Amino acid sequence: MSTPLVTIAPDATVVEAAKEMRERDISALLVTTAPPSIVTSTDIIAAVSEERDTSQLDVADIMTESVETVPPDLRLVETAAMMENFGINHLPVVEDDFVGMISSTDITATLS
């Protein structure tokens, strides 16, 4: 998993989210909402491909709400199965609090 977990506010702009992802070389940010949400590079690409004006969009406009989470001790195969079943590429890792993010890229790198 990637640590530390990088978060962003729902009222941050999509451009700010994209810059944060690029600077940190990551493809998802946890959005500080209750319940937590996530914004990914795929969400940003979708907004651009729909010709939405990303300079005028907030993260809340494109984020995925109420995301699935996993505990840090969940077996890799179970994590991969969750991603496959839900059709997702990122899962926040939670142990009392959010501690990191696991991605399909992390799983692939671990297995190779």
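Since the model is a prediction, treat every value here as computed from it, not as a measurement.
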Worksheet entry | Heavy-atom closest pair, residues P92 and L30 | CG-CD1, 3.8 Å

Worksheet item: At what distance, to the nearest 0.5 angstrom, does CD1 of I107 lie from OG1 of T79?
Response: 6.0 Å

Item to complete: Decide yes or no on side chain to side chain contact (heavy atoms under 4.5 Å, CB included) for V14 and R52, but give the supporting numbers first.
Response: CA-CA 11 Å; V14 170; R52 297 174 73 184; over 6 Å; no

Fill in: Cluster check V6, V31: I/L/V/M/F/W/Y, side chain < 4.5 angstrom
yes

Discussion item. D11 vs V59, test: side chain to side chain contact (heavy atoms under 4.5 Å, CB included). Steps then yes/no.
Written reply: CA-CA 6 Å; D11 60 350; V59 166; over 6 Å; no

Response to the item:
In T54, D58, D53, the residue satisfying side-chain contact (heavy atoms from CB on, under 4.5 Å) with Q56 is D53

Fill in: Closest non-hydrogen atom pair, S103 against M83
C-CE, 3.7 Å

Worksheet item: Are L111 and I102 connected, step by step, through hydrophobic side chains (Ile, Leu, Val, Met, Phe, Trp, Tyr) whose heavy atoms are closer than 4.5 Å?
Response: yes

Discussion item. So if I apply the side-chain contact (heavy atoms from CB on, under 4.5 Å) rule between M101 and each of L29, I38, I26, which one comes out positive?
Written reply: I38

Worksheet item: Given side chains that start at C-beta, do those of I44 and I62 come closer than 4.5 Å, heavy atoms only?
Response: yes

Worksheet item: Within the side chain of N85, is there an N or O that forms a donor-acceptor pair under 3.5 Å with the backbone of A81?
Response: yes

Discussion item. Once rounded to the nearest 0.5 Å, what's the spacing between atom CG of D106 and atom OG of S2?
Written reply: 4.5 Å

Discussion item. Would you say CD of E50 has more than 12 non-hydrogen atoms from neighbouring residues, nucleotides or ligands within 6.0 angstrom?
Written reply: yes

Worksheet item: Do L57 and I8 sit in the same hydrophobic cluster, where Ile, Leu, Val, Met, Phe, Trp and Tyr count as joined when their side-chain heavy atoms come under 4.5 Å apart?
Response: yes

Worksheet item: With no hydrogens and no angle check, do the side chains of H90 and T40 hold a donor and an acceptor under 3.5 Å apart?
Response: no

Worksheet entry | Pair listing, salt bridge (charged side-chain N to carboxylate O under 4.0 Å, His left out) test, anchored in residues 62-83, at least two apart | R75-E78

Worksheet item: Are V39 and V15 connected in a single hydrophobic cluster, I mean Ile/Leu/Val/Met/Phe/Trp/Tyr linked by side-chain heavy atoms less than 4.5 Å apart?
Response: no

Discussion item. Here's a test for you: under side-chain contact (heavy atoms from CB on, under 4.5 Å), which of V93, I88, V94 qualifies with L91?
Written reply: I88

Worksheet entry | Non-hydrogen side-chain atoms of M1 and V99 separated by less than 4.5 Å | yes

Discussion item. Quick check against the 3.5 Å criterion: does T33 have a side-chain atom that pairs as donor or acceptor with the backbone of P35?
Written reply: yes

Worksheet item: If you take all heavy atoms of S112 and A109, which pair is closest and at what distance?
Response: OG-O, 3.2 Å

Fill in: Within one Ile-Leu-Val-Met-Phe-Trp-Tyr cluster: M21 and I45, side-chain cutoff 4.5 Å
no

Fill in: Qualifying salt bridge (charged side-chain N to carboxylate O under 4.0 Å, His left out) pairs, either residue in residues 22-45, two or more places apart
E20-R24

Worksheet item: Just how far is it from atom OG1 of T32 to atom CZ of F98, taken to the nearest 0.5 Å?
Response: 10.5 Å

